Amino acid sequence: MKLICGVDLGGTKLSAALFDQKGILIGKEITHDHVNETTDGIVRVIAELIKTLLKNNSVLLTDILGIGVGLAGHILYKKGIIITTSNFKVTFTNYPFVEKMSSYFPGVKILLDNDANVQALGEYMYGAGKGFESIVFITVSTGVGSGIVLNGKLLRGKNGTAGEIGHSIIEYKSKYLCTCGNYGCAMAHSSGLFLPELYKHKLESGMTSSIGLNLDNISSFDGHFLKKGVNEGDRISISIMNESADIIGASVFNIHKMLDPDAVIIGGGLMHLGDKYMSRIKTEFKFLMHDMMEDEMVIKHSEIGADAGLLGAASLLLE
Ligand SMILES: [Zn+2]
């Protein structure tokens, strides 16, 4: 049976891996050589990395079903075009990624999608979503992303931007400005990028920090710092964690109302906050559900872990 090849293209780390169709890792290569490259240069580095991966595992191009690529950005899936990105030193703008990749691998199937979509598909096929008909995957990390899989197919929408739960407006007339230009998006109230801003507002409201943070040094307040603050009993950190969990819980409720999937699977960096965070998400969801008599929707932690982006990208070939 042919192998599947996945590429996880991040701003600082680029990795490529081969899996069999059961999702078992065959080989993996990692590089950082793309960081200072132009857009065309990044594609060249990806192609070189894949060629190294194939060579080191004695695999021929004819032994693979194709190459799946996942990255953070707006993607036109059907055309293989990157509309825009924000995680790289250079910005891909209306960039014909699949066409450029094909010049290195003529005749090979190449698929491109955004990182949340590929992770959703990976969890559906090989992780926490296995066995369910329909799932929604949410990643709570620097931002909040999500991917929707209905009956084995990713729901991409007309423009490929379906499932952007992070930019759904959860508090109208909010004071928190999102990267998209709107106020009150779910991610502006809950994700890593906004932690300094959330901390700042707590300080300005009169709360005091017990972990030495003030208006001059809060830019260092990230997910790791949040976990430390929570563990050390910092009241601001605890209230930010709880409010973030409440926002994600409300987002899960909105997903339930909109799609009624079998399961919602949650992953991403902030899940390292542990059971406190996950149980608060579930509590908020149950609170909003009141006592509606419905079959319970499963809410669970993602299972794939470190290779989620790679396995998810490779799984595009089996969609
Ligand atoms: Zn937004």
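Indexing begins at 1, ligand by ligand and atom by atom, following the structure's order. None of the values given here were measured: they were computed from a predicted structure.
- Around the Zn ion (ligand 1), the protein atoms of type N, O or S found under 2.8 Å away are H167 ND1, C178 SG, C180 SG, C185 SG, listed by chain and number.
- Scanning both residues, I75 and N114, for their nearest heavy atoms gives CG1-N, 3.6 Å.
- Both the sub-6.0 Å distance and the 45° axial angle are not jointly satisfied by K228 relative to the ring of F221.
- Defined by atom type and a distance below 3.5 Å, a donor-acceptor pair is present between the side-chain atoms of D40 and Y95.
- Between F88 and F92, the ring planes are perpendicular. Angles over 60° get that label, and only those under 30° would be called parallel.
- Judged purely by distance below 3.5 Å, without hydrogens or angles, the side chains of Y199 and S237 never pair a donor atom with an acceptor atom.
- Ion pairing of E204 with K175 is absent here, as no side-chain N (NZ or NE/NH1/NH2) approaches a carboxylate O to less than 4.0 Å.
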